[in-house]
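None of these values were measured; they are calculated from a predicted model. First the proteins, then the strands, lettered A, B, ... as listed; each starts at 1.
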2 protein chains.
Amino acid sequence: MEALDRRILSLLARDGRMSYTDIGKETGLSTSAAQQRVRRLEQRGVIKGYRAVLDSARLGHFVTAFVAIKPFDPSQADDAPERLAGIEEIISCYSVAGEPSYLLKVQVETMAHLEALLARIRAEAKCSTHTTTVLSTAYENRPEIS
Amino acid sequence: MEALDRRILSLLARDGRMSYTDIGKETGLSTSAAQQRVRRLEQRGVIKGYRAVLDSARLGHFVTAFVAIKPFDPSQADDAPERLAGIEEIISCYSVAGEPSYLLKVQVETMAHLEALLARIRAEAKCSTHTTTVLSTAYENRPEIS
DNA sequence: AATGAAACACGTAACGG
DNA sequence: CCGTTACGTGTTTCATT
């Protein structure tokens, strides 16, 4: 991974819509060289995609929570992520070391919706849940590159 | 929030680099109308920005963890997010309800780096830490809009 | 608020160094 | 792997409805 590539990744991590022309200006490359670098980073999978960052509250999603889940029957197939993948309120799903098997980040309209969602998660993944409600988000998904 | 705006947000949440021309085609709007809608969504803060999604492992960040922190002295000023903001290994910082005060998501090169990071967090925020290591990420930051 | 058209900027591919 | 050139497409603005 070259320093030039890291510069480009840093720029795109901060502004995913930056033009190749501007990337070139920032890095001292020509437009086509910048574009070539970005394409290679995409093809190699270093850049997995581009996303608009949205304001949850303005979309009516007022409640964020982390849900730690433990399967009721540890001898059962450990397929919680697939079983839960269809639930679109589940924003993230991590397999974790420690007492719970998975940690989910969820986003719902209200507490009532959270209650219903937890019931659904328990039913679909045959698990118990331990929920931590988010009061506020100081910062989130900051670029992991300088 | 109109249905048309939600469609546009859904498209940009999945492909942050989609052109206004294509957004117009998908939504049945002219290019300039699509652009106008997007600009309004940006100005109103519904769209907070655009980011490239990167592959952590390919950047050399092989360890992801969640760190729950509790201040040693509850009577002290509760300014952990600001005190920790300068640590770029901290990707996200949530204020949470429950026993810990904050939940951090961190990303480091190796376990040795995690150890050093935890020491730094404890020192800077004057807190204890409880760490949950991520084994794998099934999915993350999925679009919170259909 | 949306459209259509015109001017301009950008993205893209081909080629040469 | 980078730069230049050239062409097609996307973006942006404005007049109009």
Side-chain angles (χ1 to χ4, degrees), chain A residues 1-62 109 141-146, chain B residues 1-62 88 109 140-146:
Chain A
M1 177 68 50
E2 246 175 288
L4 214 51
D5 284 330
R6 294 185 71 89
R7 281 276 301 286
I8 292 172
L9 292 173
S10 176
L11 291 168
L12 284 173
R14 274 166 246 282
D15 177 8
R17 280 183 85 85
M18 184 178 253
S19 72
Y20 302 123
T21 307
D22 286 345
I23 293 170
K25 282 176 188 163
E26 289 286 335
T27 55
L29 288 172
S30 68
T31 302
S32 55
Q35 189 196 19
Q36 214 173 120
R37 291 252 181 189
V38 172
R39 184 167 38 209
R40 272 197 292 270
L41 289 166
E42 288 168 353
Q43 285 171 350
R44 286 166 47 199
V46 183
I47 296 174
K48 296 197 283 186
Y50 301 90
R51 296 224 170 123
V53 182
L54 309 181
D55 187 317
S56 303
R58 292 192 188 251
L59 293 171
H61 294 169
F62 301 107
E109 295 180 36
N141 293 130
R142 302 200 296 183
E144 55 177 308
I145 191 163
S146 42
Chain B
M1 175 70 50
E2 247 176 287
L4 213 51
D5 284 330
R6 294 186 70 90
R7 282 275 303 283
I8 292 172
L9 293 173
S10 176
L11 291 168
L12 284 173
R14 274 165 246 281
D15 178 9
R17 281 182 86 84
M18 184 179 251
S19 72
Y20 301 123
T21 307
D22 286 345
I23 293 170
K25 284 178 188 164
E26 289 285 334
T27 54
L29 288 172
S30 68
T31 302
S32 51
Q35 188 197 21
Q36 210 175 128
R37 291 255 181 186
V38 172
R39 184 166 36 211
R40 272 197 293 269
L41 289 166
E42 288 168 353
Q43 285 170 350
R44 286 166 47 198
V46 183
I47 295 174
K48 296 198 283 186
Y50 301 90
R51 295 225 169 124
V53 182
L54 309 182
D55 185 316
S56 303
R58 293 191 187 252
L59 293 172
H61 294 169
F62 300 108
E88 64 182 15
E109 295 181 35
E140 191 174 29
N141 293 131
R142 301 199 298 182
E144 55 177 307
I145 189 163
S146 43

Please confirm whether the backbone N or O of A/Leu29 pairs with a side-chain atom of A/Arg37, one donor and one acceptor, at under 3.5 Å?
no

What is the distance, rounded to the nearest whole Å, between atom CG of A/Leu29 and atom C1' of D/dC1?
10 Å

Distance, nearest 0.5 Å, that separates OG1 of B/Thr31 from CD1 of B/Ile23:
9.5 Å

Whole-Å gap separating C1' (D/dT9) and CD1 (B/Ile23)
15 Å

Would you indicate whether the side-chain heavy atoms of B/Leu12 and A/Arg17 approach each other to under 4.5 Å?
yes

Between A/Thr31 and B/Leu4, which has a closest nucleotide on DNA chain C that is more 5'?
B/Leu4

On the nucleotide D/dT13, are OP1 or OP2 found under 4.0 Å from the side-chain N or O atoms that B/Arg39 carries?
yes

Whole-Å distance between D/dG3 P and A/Lys25 NZ?
15 Å

Please check the phosphate of C/dA2 (OP1 and OP2 only) for any side-chain N or O of B/Arg40 closer than 4.0 Å.
yes

Under-4.0 Å side-chain N/O to phosphate OP1/OP2 contact, A/Gln35 with C/dG11
no

Take B/Ser10 and B/Arg14, measure what side-chain hydrogen bond (donor to acceptor under 3.5 Å, both in side chains) needs, and give me the verdict at the end.
CA-CA 6 Å; B/Ser10 176; B/Arg14 274 165 246 281; 2.9 Å; yes

Nearest whole Å is fine: how far is C/dC10 P from A/Gln36 CD?
20 Å

Whole angstroms only, please: what is the OH-P distance between B/Tyr20 and C/dA5?
22 Å

When rounded to whole Å, the OH to P distance for the pair A/Tyr50 and C/dG11 reads 11 Å

Mind checking B/Ser19 for me? I need base, sugar-phosphate or nothing, with any heavy atom below 4.0 Å counting as a touch.
sugar-phosphate

Look at the side chain of B/Arg7 and the backbone N and O of B/Glu26, then say whether any donor-acceptor pair between them is shorter than 3.5 Å.
yes

Checking all strands, does B/Ser32 fall into the base, sugar-phosphate, or nothing category for heavy-atom contacts under 4.0 angstrom?
base

Name the nucleic acid region contacted by B/Ala33, choosing base, sugar-phosphate or nothing; use a 4.0 angstrom heavy-atom cut-off, strictly under.
base

Without decimals, in angstroms, what is the distance between A/Met18 CE and C/dA9 P?
18 Å

So what does A/Gly28 hit on the nucleic acid, given a heavy-atom distance under 4.0 Å: a base, only sugar-phosphate, or nothing?
sugar-phosphate

Given C/dT3, is OP1 or OP2 found less than 4.0 Å from the side-chain N or O atoms of B/Arg37?
no

